[in-house]
Q: 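Let me give you the structure first, and then I'll get to my questions.
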Amino acid sequence: MNKKVKSQKEKILIADDSEINRALLADILSPDYEVLEACDGEEAVACLEQQHTQIALAILDIMMPKLDGFDVLAVMNLKGWIHSIPVIIVSAETSPSYIDHAYQLGASEYINRPFYKVAVRHRIENTVKLHAKQKYLEHIVGEQIFEKEKSNMVMVDILSHIVEFRNGESGLHVLHIRTITEILLKQLSHNCSTYDLSPSRIALITNASSLHDIGKISIPEDILNKPGKLTKEEFEIIKTHSEVGAQMLEGLIYYQDEALVQTARDICRWHHERYDGSGYPDGLKGDEIPISAQVVAIADVYDALTSKRVYKPAYSHKMAMDMILNGECGQFNPLLLDCLKEVGDYLQNQVKIRSAGKITSDSIHTLAYDAIHSYNVSDRTLDLLEQERTKYQFYASMTKEIQFEYSYETDTLILSEWGAAQAGVKEYIPHPQSDPALLQIFSKEDFCDLVERLKSAVPQNPIVSQLYRLTIHGKPRWYKWIARPIWGLDEDIPPTKVIGKLVDNQEEQSTLEKLTLQAQRDDLTELLSRNHAYDEIVQRLSNLKTPKAALIILDLDTFKNVNDSYGHSYGDQMLRAFADRLKSSVRNSDIVARIGGDEFLVYMEFKENIEKLAERIFHRISGTYEGFDISVSMGIAQAPENGATYEELFLCADQALYACKQAGRNEWRFYDKSMETILSSYSRQDSEGNEEETI
């Protein structure tokens, strides 16, 4: 009686130093997955080392002891695991710099805490499924490339073998040339970026190398197979094979423009040229010789030396290497000689073990994988896969919002079923800019504004977000519009789709409320205004319990010189740029405001030592703006354990700021009691040393 084998659950690794966080995620995932847990980064790496072939997904926290989440991602990149294991970062940290760094290291998703249980489960499931789908499609593409490459290689090998058969040389010569060419090209691509050596280009040159000696078909057999030394006249005849081979390919009626034919023609004509110009037939020198011909030239010499010929015995690998490196066979590109030295032992081994006419599935699948991931395979399936991945990532983060997709190609707007019902329109809307029902909801002015915002989006900053007033079922309501264009593999081509959502702001925003919102911001920098920052900080301080708090006041040293030398318009541009730099240097939870002129304020709460935070902010905001050095002074006041008012913190931070200025500026200091009287005695001076005002 046959027993039914129970399907094995996919494994998911959760790495987090908080046991409660691991338990929460394990509860969500354990019904459908086998959960592996790690309490720090080192334990996570050890688990990946042992079971990376079985793990379907890794969920990492950022802040962990020993190795943090970024360190684990770095190890996964180093070991190559990131290509087979998708990673989701789950963290309470919302700083854009953290999120950007996670994606740069290869994370598939970034989920903020606190999270919605159902949404997290779906995002994890979608990530696992999409990765499985991508691997399946890679396998299909790999199989197709395998069959195509196999057919190409068989045909090329047959043609070149005919030439070698007539030449009387070893039937392995063509395979040896291919093997050596491929190994040298891969090493060269690793050593330098001077030449265009993508995986597909390396494969093309390797294929074309098989045809390097087709011109020998025109050489008389008694000269080709002469056992002794050739006469001067015979050598001149045999030298013609390079030109004849090139002419044969140039004379093809079809396929003149094919890259394989053009590359093979270059190799045929110039694989006997030498780097110092002493070769034939054209006496080319240096990089006048195509890199394809340069590599095949070394491959041809090495195989001729190490193979038995009618006129000589086979030399040893060491002897052949010494002769080539010592210049006894002519001068070669120094970069290629370095590559030859580095791969010498490996090359000798590969030439021995690769049998004639055999193509391995592993080698072609490696080519397929490299080609796919370097975007050199023009396969529509890969483009669609990337679009599906982006769309699912975007949709997975949404719940009961008006979701939509717009196709540029068909000029069609598609809404989700729930969204269409909520808006009171059809799910499929062709030519939305002229649809009467849609224009009753969305004004033409707002529609044009949205279109302009989408046009200005770029792959580096793709998210478009704006508030619009929509009329839903006859009632005006404010919605936040969030959209993302989707580009294909070539980002120079315009977007193919736009996906997005409309989020109800819950409460209708009146004109007065919008004006109030504007009043909370500084007109020039869009940071919080001084008064609104005051209200926010007072509220935070009144609720402050376990975290510590600090207030930072900073200004630009010698900013007056900027206005005097370049004008106020330039000064305003610098202030806006500085405000952007300051905002990107702090956390989302921190309060950032402009309090007047070139003075700014930052309020932050923290659990540990603030010195590292302060040092990080100082170094990030310092630097240059369009060649002008930005010098900053920064005073910091920490709230004592028994609490402090906004006014007390502000005064202390202000005194610390002027202590910096007394000391020569361009530094940061914490307030201490020695600074209590500094403001009463400190005189501000202008750039010429004249006293401006006394505080």
Side-chain angles (χ1 to χ4, degrees), residues 95 97 525 527 530 533 537 548-565 571 574-587 590-606 608-640 644 646 648-695:
S95 169
S97 61
T525 64
L527 298 179
R530 178 170 185 162
I537 295 171
K548 302 173 185 177
L551 191 70
I552 304 174
I553 298 178
L554 56 156
D555 74 358
L556 299 176
D557 300 327
T558 66
F559 180 72
K560 184 176 182 296
N561 294 344
V562 176
N563 281 334
D564 292 345
S565 302
M574 178 181 282
L575 288 176
R576 280 193 290 267
F578 179 80
D580 291 341
R581 190 179 294 181
L582 176 60
K583 191 171 182 180
S584 66
S585 301
V586 300
R587 303 164 302 182
D590 300 333
I591 295 173
V592 187
R594 181 186 179 207
I595 56 177
D598 61 327
E599 291 188 322
F600 297 83
L601 172 151
V602 176
Y603 170 85
M604 55 176 52
E605 294 174 358
F606 57 98
E608 304 298 333
N609 196 324
I610 193 180
E611 289 189 6
K612 287 187 177 180
L613 288 173
E615 185 175 9
R616 183 187 70 180
I617 293 171
F618 180 81
H619 287 297
R620 286 191 177 182
I621 59 179
S622 301
T624 60
Y625 173 74
E626 294 187 355
F628 193 99
D629 288 335
I630 296 179
S631 170
V632 181
S633 295
M634 196 165 85
I636 310 164
Q638 299 185 69
Y646 171 89
E648 291 169 340
L649 282 178
F650 190 94
L651 178 62
C652 292
D654 209 24
Q655 291 180 113
L657 171 66
Y658 287 106
C660 293
K661 293 190 174 294
Q662 266 191 342
R665 305 180 178 180
N666 194 26
E667 64 177 36
W668 56 278
R669 291 192 178 193
F670 285 92
Y671 171 81
D672 59 52
K673 289 194 175 182
S674 67
M675 304 173 184
E676 281 182 340
T677 59
I678 196 168
L679 288 180
S680 61
S681 61
Y682 179 71
S683 295
R684 292 186 180 179
Q685 296 181 336
D686 63 19
S687 60
E688 297 177 354
N690 301 315
E691 186 172 325
E692 286 188 320
E693 58 177 320
T694 301
I695 309 289

Q: Within a strict 4.5 Å, meaning less than it, do heavy atoms of the Ile591 and Val602 side chains meet?
A: no

Q: I need the Ile636 CD1 to Met604 CE distance, nearest 0.5 Å.
A: 8.5 Å

Q: With rounding to the nearest 0.5 Å, note down the distance linking SG in Cys660 to CG in Asp555.
A: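 One gets 9.5 Å once the value is rounded to the nearest 0.5 Å.
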
Q: Apply side chain to side chain contact (heavy atoms under 4.5 Å, CB included) to Ser584 and list each qualifying residue two or more places apart in sequence or on a separate chain.
A: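 Scan of Ser584 (side chain to side chain contact (heavy atoms under 4.5 Å, CB included), adjacent residues dropped) gives none.
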
Q: Is there side-chain contact between Phe559 and Ile630, with at least one heavy-atom pair below 4.5 Å?
A: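 Not touching, per the 4.5 Å side-chain cut-off.
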
Q: Residues two or more places apart in sequence or in another chain: which of them pass side chain to side chain donor-acceptor pair (under 3.5 Å) with Gln638?
A: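 Not a single residue meets the side chain to side chain donor-acceptor pair (under 3.5 Å) criterion with Gln638.
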
Q: Using side chain to side chain contact (heavy atoms under 4.5 Å, CB included) as the criterion, list what pairs up with Arg620, not counting sequence neighbours.
A: Ser97, Ser585, Arg616

Q: Once you round to the nearest 0.5 Å, how far does CD1 of Ile617 lie from CZ of Arg587?
A: 8.0 Å

Q: Using side chain to side chain contact (heavy atoms under 4.5 Å, CB included) as the criterion, list what pairs up with Ala663, not counting sequence neighbours.
A: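 Ala663 satisfies side chain to side chain contact (heavy atoms under 4.5 Å, CB included) with Glu667, Arg669 once adjacent residues are dropped.
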
Q: Looking at side-chain heavy atoms only, is the closest gap between Leu649 and Ile537 below 4.5 Å?
A: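 Contact flag for Leu649/Ile537 side chains = no.
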
Q: Are Ile610 and Lys548 close enough, and set up right, to give a side chain to side chain contact (heavy atoms under 4.5 Å, CB included), and what steps lead you there?
A: CA-CA 9 Å; Ile610 193 180; Lys548 302 173 185 177; over 6 Å; no

Q: What are the two closest heavy atoms between Phe670 and Ala656, and how far apart are they?
A: C-CB, 4.2 Å

Q: Out of curiosity, Leu657 CG to Cys652 SG, how far, rounded to the nearest 0.5 Å?
A: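 Answer for the CG-SG pair, Leu657 versus Cys652, is 13.0 Å.
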
Q: So, taking the atom named CH2 in Trp668 and the one named CD1 in Ile552, what distance separates them when rounded to the nearest 0.5 Å?
A: 9.5 Å

Q: When rounded to the nearest 0.5 angstrom, what is the spacing between CE in Met634 and CZ in Phe600?
A: 13.5 Å

Q: Looking at residues at least two apart in the chain, or sitting in another chain, which of them share a salt bridge (charged side-chain N to carboxylate O under 4.0 Å, His left out) with Asp557?
A: Lys661

Q: Among all residues two or more places apart in sequence or in another chain, which pass the side chain to side chain donor-acceptor pair (under 3.5 Å) test with Tyr671?
A: none

Q: Would you give me the side-chain donor-acceptor pairs under 3.5 Å for residues 574-582, sequence neighbours excluded?
A:
unit_1	atom_1	unit_2	atom_2	d
Arg581	NH1	Ile621	O	3.4
Arg581	NH1	Ser622	O	3.4
Arg581	NH2	Thr624	O	2.9

Q: By side chain to side chain contact (heavy atoms under 4.5 Å, CB included), which residues pair with Arg530, not counting sequence neighbours?
A: Ile595, Phe650

